[in-house]
Structure formats: C-alpha cells, structure tokens
Amino acid sequence: MKKIVKIVFVVLILAFVVLQFFAPEQNDTAPDANHLFSQTELPGEVQTIFQNACLDCHSNQTNYLWYHKIAPVSWMIKGHIVEGKHELNLSEWGQMDKLDKIGKLDEICSEVKHNKMPIKAYVMMHPKAKLSEEQVKTLCDWAEKLSEELLASKNE
C-alpha cells in the first residue's frame, strides 16, 4: 500500500512540473493612446481605484504576482482576464463610441454598487481591491459626471 501511495505522489509531482511548461500567454502589452488613462483625465482617487481593483482583468496590462505564473492558478487568472476584457477593456476606451462609453460607465457603477465587481476571488488575492462605500460613491459620481460630459459633447 505504501508503495502505491509513493508512486501516486511521484506521478502527481511530475504532472505538476509538466503543467508548468504549458503557461498561458501573458496579458502585458504597453498602454497606448486608446487606454482610458490616456483618453480621460481622471481624479487621483478614481485612477487608484481602477489600478487596484479593475485594470488587471479589464485592460491589456495585468500586474502578475509570483503565484499567477504557477499552473493551474495561471489558467484560472487567464480565464478571468479573458472574461473581463470581453466585458470591458479599458485599453480600448478610445475606440469605443460615446454611447457605448456611457453604457459602460453605467455598468461600472451598477457592478460595484451591487458588489459584483471586483469579483470575490480577485479581492481575496488583492485586498487593496476591496472597495469601501466611499470608493464606490467616488467611482459612481465620476462615472455619472463623465457620462453627462459625453452626452453633452454628443449633442454638440
């Protein structure tokens, strides 16, 4: 029985090592002129909220920590990034039309108000991503103000 346990343990260790050779592609391109930060002047606190709670999954610039590079965590992280960028990619903000931006700003506020974003798994690994009520209000106030500005400029 002990021999079987040893064999299973060795096979599992070897499988874990082999898995490390199949790492997903990294999401780490340099920001360009279409990025939200290049397109819109954000108050410092709003920019900090985006950096701490949003950009890793909702942009082309993920800040990888050491354990993000270890399979199977790397695959889970890649899945979150793909899904996040599908919903909203802040690196492509400049390519969106004004009405889409207004819709996304409304979604951002709704998601954080209802504690759907940032996701719990992300907050567990990144405690700074947990948004206080004050931060949610700050983000929603900013989103509403920018929406009004975009709507006003659309009518010009």
Side-chain angles (χ1 to χ4, degrees), residues 16-17 19-156:
F16 178 77
V17 170
L19 288 176
Q20 303 316 306
F21 291 101
F22 299 96
E25 184 179 336
Q26 300 284 294
N27 182 51
D28 57 2
T29 60
D32 63 18
N34 285 311
H35 194 282
L36 173 69
F37 290 0
S38 300
Q39 291 284 315
T40 306
E41 194 169 317
L42 284 85
E45 187 174 354
V46 173
Q47 188 166 344
T48 300
I49 292 168
F50 275 112
Q51 288 170 329
N52 291 340
C54 309
L55 292 180
D56 279 346
C57 293
H58 293 285
S59 77
N60 295 336
Q61 297 80 38
T62 299
N63 179 30
Y64 289 96
L65 302 175
W66 66 269
Y67 53 86
H68 290 156
K69 298 174 184 171
I70 300 172
V73 173
S74 59
W75 301 335
M76 180 187 75
I77 298 299
K78 179 66 174 182
H80 287 280
I81 292 168
V82 167
E83 185 178 342
K85 285 171 51 174
H86 175 73
E87 291 298 321
L88 172 63
N89 187 344
L90 295 169
S91 293
E92 298 174 354
W93 186 257
Q95 298 170 353
M96 297 169 60
D97 76 15
K98 290 180 182 179
L99 290 178
D100 287 338
K101 289 177 182 178
I102 292 168
K104 289 300 180 183
L105 289 165
D106 185 53
E107 270 184 61
I108 289 169
C109 183
S110 177
E111 293 286 314
V112 297
K113 272 187 178 177
H114 294 100
N115 292 316
K116 293 182 180 179
M117 282 289 138
I119 61 173
K120 288 176 180 42
Y122 185 81
V123 173
M124 284 176 35
M125 293 190 285
H126 303 85
K128 290 195 301 189
K130 181 161 178 53
L131 301 179
S132 67
E133 287 182 30
E134 183 180 317
Q135 288 173 313
V136 169
K137 181 179 179 348
T138 298
L139 189 59
C140 287
D141 288 349
W142 167 82
E144 185 177 331
K145 181 179 181 229
L146 183 57
S147 290
E148 289 170 1
E149 290 172 7
L150 289 167
L151 196 55
S153 71
K154 176 135 179 74
N155 295 330
E156 291 176 357

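One-based numbering along the sequence shown. Both backbone and side-chain heavy atoms feed into the values below; hydrogens, waters and symmetry mates do not.
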request  = State which residue, out of N89, D56, T62, fulfils the side-chain contact (heavy atoms from CB on, under 4.5 Å) condition with I81.
outcome  = T62
query = Is the closest side-chain heavy-atom distance between L105 and L150 below 4.5 Å?
reply = yes
ask   = What's the spacing between L146 CG and L36 CG if we round to 0.5 Å?
value = 8.0 Å
ask   = If you measure from CH2 on W142 to OG1 on T40, what distance do you get to the nearest 0.5 Å?
value = 6.0 Å
key: E41, CD atom: more than 12 neighbouring heavy atoms under 6.0 Å   = no
ask   = Hey, is the main chain of F16 close enough, under 3.5 Å, to the side chain of Q20 for a donor-acceptor pair?
value = yes
request  = Would you check if the side chain of H80 reaches a backbone N or O of I77 as a donor-acceptor pair within less than 3.5 Å?
outcome  = no
message = I'd like to check N63 versus Q51 (side-chain heavy atoms, cut-off strictly below 4.5 Å). Are they in contact?
response = no
message = For K85, is the NZ atom crowded, meaning more than 12 foreign heavy atoms sit under 6.0 Å from it?
response = yes
query = Quick check: does any side chain N or O of H114 sit under 3.5 Å from a backbone N or O of K116, one acting as donor and the other as acceptor?
reply = no
message = Just verifying a value: how many Å separate M117 CE and C57 SG, rounded to the nearest 0.5 Å?
response = 8.0 Å
message = Run E111 and E87 through side chain to side chain contact (heavy atoms under 4.5 Å, CB included) and show every step you take.
response = CA-CA 12 Å; E111 293 286 314; E87 291 298 321; over 6 Å; no
remark   = Heavy atoms of G84 and H58 approach each other most closely as O-ND1, 2.9 Å
request  = Please lay out, stage by stage, how S59 and H35 fare under the test side chain to side chain contact (heavy atoms under 4.5 Å, CB included).
outcome  = CA-CA 8 Å; S59 77; H35 194 282; 4.2 Å; yes
inquiry  = Run N27 and K78 through side chain to side chain donor-acceptor pair (under 3.5 Å) and show every step you take.
reply    = CA-CA 8 Å; N27 182 51; K78 179 66 174 182; 5.9 Å; no
ask   = Which heavy atom in A33 sits nearest to a heavy atom in Q39, and how many Å separate them?
value = O-NE2, 2.7 Å
message = Looking at S38 and N34, would you say the former's side chain and the latter's main chain have a donor-acceptor pair under 3.5 Å?
response = no
ask   = So, E107 and K104, do they make that salt bridge, N to O below 4.0 Å?
value = yes
ask   = Taking 4.0 angstrom as the limit, do K145 and D141 come out as a salt bridge?
value = no
key: Interatomic distance, N60 atom CG to D28 atom CG [nearest 0.5 angstrom]   = 9.5 Å
inquiry  = Just by distance, no angles: are the side chains of K120 and N115 close enough, under 3.5 Å, to form a donor-acceptor pair?
reply    = no
Contact check, side chains of D106 and S147, non-hydrogen atoms, under 4.5 Å = no
ask   = Minimum heavy-atom separation for Y67 to M125, with atom names?
value = OH-O, 3.2 Å
request  = Give the minimum heavy-atom separation between K69 and Y64, together with the two atoms involved.
outcome  = CE-CB, 4.0 Å
query = What's the shortest heavy-atom distance between Q135 and L131, and which atoms?
reply = OE1-CA, 3.3 Å
ask   = With side chains defined as the heavy atoms from C-beta onward, is the minimum distance between L55 and F37 less than 4.5 Å?
value = yes
message = Could you measure the distance from the CE atom of M96 to the CG atom of L90? Nearest 0.5 Å is fine.
response = 8.5 Å
inquiry  = Just verifying a value: how many Å separate E92 CD and D32 CG, rounded to the nearest 0.5 Å?
reply    = 9.0 Å
remark   = Residues A129 and N52: closest non-hydrogen pair is CB-O, 3.2 Å
message = Side chains of S91 and Q61, heavy atoms from C-beta outward: is any pair under 4.5 Å?
response = yes
